[in-house]
Amino acid sequence: MTTQLDNQISAMPGLLTIQQYEHNITENSREVANYWYLGLTLLLEGREEEAQITWMAPFLEFADQESEEWLQELTGILLNTAQQQEANSNYQIAWVIRQHIKEFIPDDINNLLKIIELNIELKIHDLEKNINELIETISQCTETTIFDEKILVQVMEKLGLFLADPVNIPPFIDKLVEVFIPYLLNSESIIKLLVDKADAYHYFFYQQMSVYFAKIALRLSPNNLNCMRKIISPLQRLGRDYTKESIYWSNKYLELSQEPIDKIIGTQFLIEAFLTSCESWEKSVQAYQEHKLLLSNLVISQIGSESVVQILAVGAFLLYMEDNPRENRLIRNRIAALCQEMIAEKLPEYISDYQQRFLLPCPSLSERPLRIGYLSECFRTHSVGFLAWWLLKYHDREQFDIRLYSLGDISEDPQQQAYKNEFGDSFYQGQLPIATVADKINEDKIDILVDLDSLTSYGNCAILALKPAPIQVTWLGYDATGFPGVDYFIADNYVLPESAQDYYTEKIWRLPQNYIGIDGFIVGTPTINRESLDIPDDGIIYFSSQTGVKRNPHNIRLQMQIIKQVPNSYFLLKSHRSNHQDLQDFINPIAEAEGVDLNCLRFLPSAATDMEHRANLAIADIVLDTYPYNGATTTLETLWMGIPIVTRVGEQFAARNSYTMMMNVGVTEGIAWSDEEYVEWGVKLGKDEKLRQEVVWKLKKSRQTSPLWNGKKFAREMENAYQQMWQIYLDSKK
């Protein structure tokens, strides 16, 4: 009979007509399947009451010992029909059928879960009621509850997507998780399901859902550091108020950490949280000192643990907290070498395969186009994605075979779509595991692999450590990675001092003029003006727009000394990712201590778009740069908009970005080599309108003359560098 039933189910809907089933029942009243399908047909036609009467008829009329078997058959038919309707997105019909299954088997947990899922799809308002019914059913179970963990995860996913803010889980959903906990505690399969979901949403930049799943996983595996990491990282990606919550989780993570690697990760989380939220500079410094000590101890002890791979990309906050490359670069270099050694031990077969290719004869520059691969998470609306666009757009495709390897999310982002349209099949959307992307790079026989993200990307660092291309180069990003497998770091004659090679493992390849070149920016419509900010027409407006992680009290004090000395001056501040109220709470006490009238300060929320931000920049008379981490894209935007900038030049790459850009547009006014000069230039530019106008004129003129605003010329210089690198490589193999 089962085979016959299955065959009938596969032919749904419209097996037979109601009249045909009624005729079959008249002919053979003991063939109960006809009752099941007659009732189902009635139900599908909306005649629910008649369907129920039809289904109950065999039980009432025959009262056989087969009643239990009949019930299984009936519910099996209904279940299969419901699943078929769900597969066809006929959710309303499926919901009705499952309500009848619920009447026959009220404690079927899987069915109750599916009803909740359908409630969400249909936006039925008794969702909380259904969840509470499920909670009560499970609570009353005297025997071990059996259910499909995958269905539970599906329901939790739908619930998360249904919520306005899945980070803050409502009590009734929290209770639902709680009631399942006794059946799921330490269940590796469901914890893996949840963690995989968290990873997937993190990868696709839906951070709220990533946090949501990680929190559920943590409920099932309390004190699990891996789950906590997957809570903290997306919270910090979300920024603003979420960053403050990440402080709690970072402290908890550190409390539970025993291994040095975990403590390093925990302190890095704390530094980012404190800086981004402008929460406490003193705590930031304390966390940084501990972080640096842990890193120093690690490289001294040379711990050969697999876990060291977790800190592949650690080191960015050394750049934010101090300008000390002679010491900090060495720490980063040793960490990178240690990580590369561990990866070589963990994945020797991959490295061996890649090295075998390098032993084969290499094509000369005249034999075929050089194959250049660009690796990044940021082929999208992002500073890196924007700055790289001009080089990639202007590449000579006859001499260079260009391939892009994107580790970022697949989205409808306009910049990503532009890359896809421009490069077509040469745009590869990478997927985890990282070795898969490295294999693709090797299979494509890439000659020179260019890393664009550096310390911002764990994935990039892992691929560079595997060395799938004979020549590897770092350009853009934070700074060089320090991996022994990276051959060159792109710079120019200004962005790194002559002595920098002393503390870089990579060969510094200095381009003849500038390490970046673009065609300029698109500017939108401003959304602020002097009147809206209550600033008089003759007021001098200083401007600062940087992320919270670039701000520190010492630099802010210098800025306040400038404001104090320039009569009728105002200071506009905003921070990407930071709540502007938090920024205000951070800045105001410093301003008061320096004797600055708080009425001179204006705190702005982030602009809705980059184009709007650039348009709003036009209100500024002078931009005050940050130190020890200068602006990069923000400095380019300032110079393009023709606004004088004051920058403090340091020794590390991050402290010299504005310097090299200003030199390349022919402006030295505002370049300071000490704190005293920084204040002097700030005051001088504020008081001397003629000087400001001279700088503005130079900047406007530079649009036609500066190599900084010539993406095509820059592309030729980079191509020339690649050809020279390749010739050096060929010569080394002779």
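Residue numbers run from 1 in the order of the sequence given.
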[X] and [Y]: side chain donor to acceptor below 3.5 Å:
X: Asn664; Y: Tyr494; result: no
X: Ser352; Y: Glu349; result: no
X: Asn460; Y: Tyr405; result: no
X: Asn514; Y: Asp492; result: no
X: Thr633; Y: Ser383; result: yes
X: Tyr354; Y: Asp439; result: yes
X: Glu290; Y: Thr267; result: no
X: Thr626; Y: Arg551; result: no

So, do [X] and [Y] sit near enough that their side-chain heavy atoms are less than 4.5 Å apart?
X: Asp262; Y: Leu254; answer: no
X: Phe489; Y: Asp479; answer: yes
X: Ile232; Y: Arg229; answer: no
X: Val473; Y: Val486; answer: no
X: Met228; Y: Tyr253; answer: yes
X: Tyr374; Y: Leu392; answer: yes
X: Arg368; Y: Asp447; answer: yes
X: Phe213; Y: Val195; answer: no

Would you give the length of the straight line joining atom [atom1] of [X] to atom [atom2] of [Y], rounded to the nearest 0.5 angstrom?
X: Glu272; Y: Phe317; atom1: CD; atom2: CZ; answer: 4.0 Å
X: Leu338; Y: Asn333; atom1: CG; atom2: CG; answer: 12.5 Å
X: Leu370; Y: Met725; atom1: CG; atom2: CE; answer: 11.0 Å
X: Phe653; Y: Tyr515; atom1: CZ; atom2: OH; answer: 4.0 Å
X: Leu391; Y: Arg716; atom1: CG; atom2: CZ; answer: 9.0 Å
X: Tyr722; Y: Gln724; atom1: OH; atom2: CD; answer: 12.5 Å

Is [X] salt-bridged to [Y], going by a charged N under 4.0 Å from an acidic O?
X: Glu259; Y: Lys263; answer: no
X: Asp487; Y: Lys467; answer: yes
X: Asp444; Y: Arg371; answer: no
X: Arg357; Y: Asp353; answer: no
X: Arg403; Y: Asp401; answer: yes
X: Glu651; Y: Arg656; answer: no

- Query: For Tyr428 and Asp425, what are the C-alpha separation, side-chain angles and deciding distance, and is it a side chain to side chain contact (heavy atoms under 4.5 Å, CB included)?
  - Reply: CA-CA 7 Å; Tyr428 173 76; Asp425 293 341; over 6 Å; no
- Expected output: side-chain Gln501 to main-chain Glu506 donor-acceptor under 3.5 Å: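 A pair under 3.5 Å: yes.
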- Between the side chain of Asn493 and the main-chain N/O of Gln513, is any donor-acceptor distance below 3.5 Å?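 Not a single qualifying donor-acceptor pair exists.
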- Query: Honestly, is Arg332 close enough over Phe483, meaning NZ or CZ under 6.0 Å from the six-membered ring centre and within 45° of the axis?
  - Reply: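 Arg332 over Phe483 ring: yes.
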- Aromatic ring proximity, centroids under 6.0 angstrom, Trp389 and Phe386: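 Ring centroids of Phe386 and Trp389 are no less than 6.0 Å from each other.
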